[in-house]
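Shown next, in structure tokens, is the structure this report addresses.
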Amino acid sequence: MKKIFTICAIMIMSVSFAQLKVSESKASDTELIGSIAPMGQLWAKLEKEQGICILTYSDTKFQHSDVYKFFMFKESDLDALYELITSYEDVEKGDTKSVQLEAGSELYIYYNKMLGKIYPVISHIQSGVTGQLPQLNKKQWAKLFGKNNK
């Protein structure tokens with residue numbers, strides 16, 4: 001009985017070590033356009049891959065945990081979205097704009113006023129789930145969209 005148990009144990013250990021598989025992956029074609037990470041805490045980052053831009057953001061509705069969400073849009077819409085977000089001189093407090101994005105998601109841009117300045121509050125809705133982007137100033141939006149590098 002001891003011999004059978006020993007033989008079974010040796011066979012099981014030899015098989016369990018042989019299950020390690022190694023696979024290689026090529027470097028991603030993802031290009032980082034810009035990111036906002038004050039004190040190392042990621043608020044938002046914008047990446048480009050094969051003609052699609054991906055904006056990943058920290059959902060500010062969750063204050064005690066880091067929940068990251070993202071939305072995608074075409075690279076050709078990059079400048080138009082940047083202009084829509086940062087050109088708010090002609091808008092009033094309470095104005096709202098809606099933007100249809102890829103994969104059925106939608107952005108709602110609500111303009112609020114604080115200390116005499118207008119700033120956008122952006123909500124992202126995808127499949128009935130709402131997320132809120134961090135409130136960034138114009139310099140941070142420019143950095144995120146890679147406009148400081150030019």
Side-chain angles (χ1 to χ4, degrees), residues 11-150:
M11 291 182 75
I12 290 173
M13 287 200 300
S14 66
V15 171
S16 66
F17 288 124
Q19 292 182 3
L20 181 65
K21 294 182 182 180
V22 177
S23 61
E24 292 183 29
S25 63
K26 295 182 180 179
S28 176
D29 294 339
T30 304
E31 174 189 343
L32 181 67
I33 296 174
S35 68
I36 305 296
M39 297 179 60
Q41 179 69 32
L42 180 68
W43 280 4
K45 72 176 176 178
L46 183 60
E47 298 173 309
K48 177 174 62 172
E49 182 177 359
Q50 299 175 355
I52 299 290
C53 292
I54 304 164
L55 194 140
T56 305
Y57 63 94
S58 175
D59 191 351
T60 58
K61 291 190 326 177
F62 298 91
Q63 295 179 358
H64 299 292
S65 63
D66 295 330
V67 176
Y68 293 98
K69 296 182 180 176
F70 70 93
F71 59 87
M72 298 181 288
F73 55 93
K74 295 178 186 171
E75 183 181 355
S76 59
D77 296 335
L78 182 68
D79 290 329
L81 185 60
Y82 173 73
E83 288 299 320
L84 185 66
I85 292 172
T86 59
S87 60
Y88 43 83
E89 287 81 16
D90 297 332
V91 296
E92 297 290 325
K93 178 182 177 180
D95 288 353
T96 304
K97 295 181 182 177
S98 174
V99 180
Q100 295 289 333
L101 299 172
E102 298 292 311
S105 63
E106 199 169 355
L107 288 182
Y108 285 102
I109 305 172
Y110 172 78
Y111 296 96
N112 203 353
K113 191 171 189 177
M114 181 187 292
L115 299 174
K117 291 188 177 184
I118 298 281
Y119 63 93
V121 177
I122 302 173
S123 295
H124 167 234
I125 299 174
Q126 184 166 3
S127 302
V129 179
T130 303
Q132 188 158 348
L133 276 76
Q135 294 179 1
L136 305 175
N137 59 35
K138 280 192 176 187
K139 288 182 182 180
Q140 290 172 323
W141 283 114
K143 182 179 177 185
L144 183 63
F145 278 80
K147 302 299 182 185
N148 289 356
N149 302 336
K150 296 180 180 179

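In what follows, every heavy atom counts, from backbone to side chain, and hydrogens, waters and symmetry copies are set aside.
Looking at heavy atoms from C-beta onward, E47 lies out of side-chain contact with I33 at the 4.5 angstrom threshold. Taking 4.5 Å as the limit, some side-chain heavy atom of L84 sits within range of a side-chain heavy atom of K97. Counting only heavy atoms from C-beta outward, the side chains of V99 and E106 never approach each other to under 4.5 Å. Counting heavy atoms from C-beta on, the side chains of T56 and L46 never come closer than 4.5 Å. Contact annotation: the side chain of W43 never approaches that of S35 to less than 4.5 Å [non-hydrogen atoms, C-beta and beyond]. Inter-residue side-chain proximity for F71 and K69 is flagged as unmet; no heavy-atom pair is nearer than 4.5 Å. Within the 4.5 Å cutoff, the side chain of D66 has heavy atoms near those of the Q41 side chain. Put simply, the side chain of E75 does not reach to within 4.5 Å of the side chain of I52, judged on heavy atoms.
Using cut-offs of 30° and 60° for the angle between ring planes, the Y57 and H124 rings count as perpendicular.
Remark: K147 qualifies as a cation-pi partner of Y82 under the 6.0 Å distance and 45° angle criteria applied to the six-membered ring.
K143 places no side-chain N or O within 3.5 Å of a backbone atom of K138 that could act as its donor or acceptor partner. Within the 3.5 Å criterion, the main-chain N or O of A80 finds no donor-acceptor partner in the side chain of D77.
Each of V91, V121, T96 was scored for a side-chain contact (heavy atoms from CB on, under 4.5 Å) with Y111, with one residue passing: V91.
Under the 3.5 Å distance criterion, with hydrogens and angles disregarded, a donor-acceptor pair is assigned to the side chains of T30 and E49.
When all heavy atoms of L133 and T60 are compared, the pair lying nearest together is O-OG1, 3.8 Å.
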